[in-house]
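Written out below as structure tokens is the structure these notes cover.
Letters A, B, ... are given to chains in the order of the sequence lines, protein chains preceding strands, and every chain is numbered from 1. These numbers come from the heavy atoms of this one structure, side chains and all, not from hydrogens, waters or symmetry mates.
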Number of protein chains: 2
Amino acid sequence: MAVDRKQQIIDAATKSFSLFGYKATTMEQVAKLANVGKGTIYTFFKNKEDLLDEIISSLILEIKEAAEQAMDPDRPFFENVHRALYRISEFRKQHQLTVKLLQEVRDIGTPAVQEVMKKLDRAIIAYIREKIDIAIKKGEIRNCDAEITAFLMLKVYLALIVDWEKEHEPLTKEKIAELFELYFLKGLSK
Amino acid sequence: MAVDRKQQIIDAATKSFSLFGYKATTMEQVAKLANVGKGTIYTFFKNKEDLLDEIISSLILEIKEAAEQAMDPDRPFFENVHRALYRISEFRKQHQLTVKLLQEVRDIGTPAVQEVMKKLDRAIIAYIREKIDIAIKKGEIRNCDAEITAFLMLKVYLALIVDWEKEHEPLTKEKIAELFELYFLKGLSK
DNA sequence: AAATGACTAAATGGACAAAACGGTCAATCG
DNA sequence: CGATTGACCGTTTTGTCCATTTAGTCATTT
């Protein structure tokens, strides 16, 4: 076909969601930006929520790819997890779409956006979990509940990057790596 | 004096804040509950916010006492930190006031309540920090940034208790203690 | 067969009046 | 006379319209 209408719509919606947020984006706006009739959107997507969902699904793939690229198979497990998590959080910070949607969850709490952000978190946790499972099998780390560990790793990461800055000076990338290793790898025991 | 008017007011306000939240509580309501005129409140408290602030300040003292009681000087540092944090989180869960106010922050985001909850968090972190500082001095744990460690310990605790339950079965007290020790004390290295 | 935009029911937001609110202070009370 | 009070004030919040906008449909067009 001359033009991929579905891709046009996705591009237009991504742009508008990034710029104005989910709630403030109207389907007519998306249609205009995509140069299609409003009805056409509904031949590809069940509804507005489904449109956002598909966009986030491909964003998840993008994030996974970015994380995968940040890792180096020759390096130890822990450095790689740090690299992956750091890359993921950088990705979040740099991508207009995630920034805008996180802002929308904070400020308005749009249910559809909340749902989709949970999905993103779950995907990241599942990804880290895979890495942990492999590391356990390889004997690189102590045996542990991979799901809880992945969950906590993400929490600690976001706490160090997002929450810490609310009341203190931001931590450098190196400091974060150091802290991450201290708490998760070495532990506080002497 | 026959009746402690200030205490009456504090009791009435605590009850009303616990039952209806900060925003939904009117000063007239507090006055009625306390059996005083509305003006009397303002002879003891600068304004509504100040009233909440005093209540939280004494709550902080209560929490510290509860934590102190939960600890046992004969036990190792780590067990005590776990006991203290667990006691604090139980305290939060059981106290209607904190439950209601946390709910209000989530649902409405009342600025005054947000502020006072931050203060509560800061107090808990400062308390844990003291314990960490002592443990470092005594050589019970590795040298580390006590402020960041206290911050992370609280984060991890709340994550395990509050956030984990949102998508999984709640963890038992024993499991939490075990996890806490695993990540913070031992680390994942073999 | 694919694409469209006029159409509809439902949701939203702005304008405005009424009610409720936090905080003050002159009058009252003990 | 100092402690206490509730009527009072300016402001904010709430409720209620109604006009506009919106997501989603579907008969019509391409």
Listing, residues 13-27 of chain B side-chain donor-acceptor contacts under 3.5 Å, not counting sequence neighbours, or none:
from	atom 1	to	atom 2	distance (Å)
B:Thr14	OG1	B:Ile10	O	2.7
B:Ser16	OG	B:Thr25	OG1	2.8
B:Ser16	OG	B:Gln29	OE1	3.0
B:Ser18	OG	B:Thr14	O	2.6
B:Tyr22	OH	B:Glu49	N	3.3
B:Thr25	OG1	B:Ser16	O	3.2
B:Thr25	OG1	B:Gly21	O	2.7
B:Thr26	OG1	B:Gln29	N	3.0

Distance, rounded to the nearest Å, where B:Leu51 contributes CG and C:dG23 contributes C1': 13 Å
First of B:Gly37 and A:Tyr42 reached from the 5' end of DNA chain D, by closest nucleotide: B:Gly37
Sugar-phosphate, base or nothing in reach of B:Thr40, heavy atoms under 4.0 Å: base
Whichever of A:Glu28 and A:Val36 has its nearest DNA chain C nucleotide further upstream toward 5': A:Val36
Any side-chain heavy-atom pair of A:His95 and A:Val99 under 4.5 Å: no
Polar pair under 3.5 Å, donor/acceptor by atom type, side chain B:Lys38, base C:dG22: yes
Rounded interatomic separation in angstrom, taking CZ from A:Arg5 and P from C:dA1: 18 Å
Interatomic distance where NZ belongs to A:Lys32 and C1' belongs to C:dT4 [whole Å]: 14 Å
Residues which pass ring pair (Phe, Tyr, Trp, His ring centres under 6.0 Å) with A:Phe151, listed by chain and number, not counting sequence neighbours: B:Trp164
Residues A:Lys6, A:Glu54: salt bridge by 4.0 Å N-O rule: yes
Side-chain (A:Thr172) to main-chain (A:Lys175) donor-acceptor, under 3.5 angstrom: yes
Carboxylate-amine/guanidinium proximity below 4.0 Å for A:Glu79 and A:Arg83: yes
Positional range of nucleotides in DNA chain D within the contact set of chain A, heavy-atom, under 4.0 Å: D:dT22 to D:dT25
B:Gln29 CD to C:dA20 C1', straight-line distance once rounded to whole Å: 12 Å
First of A:Tyr22 and B:Asn35 reached from the 5' end of DNA chain D, by closest nucleotide: B:Asn35
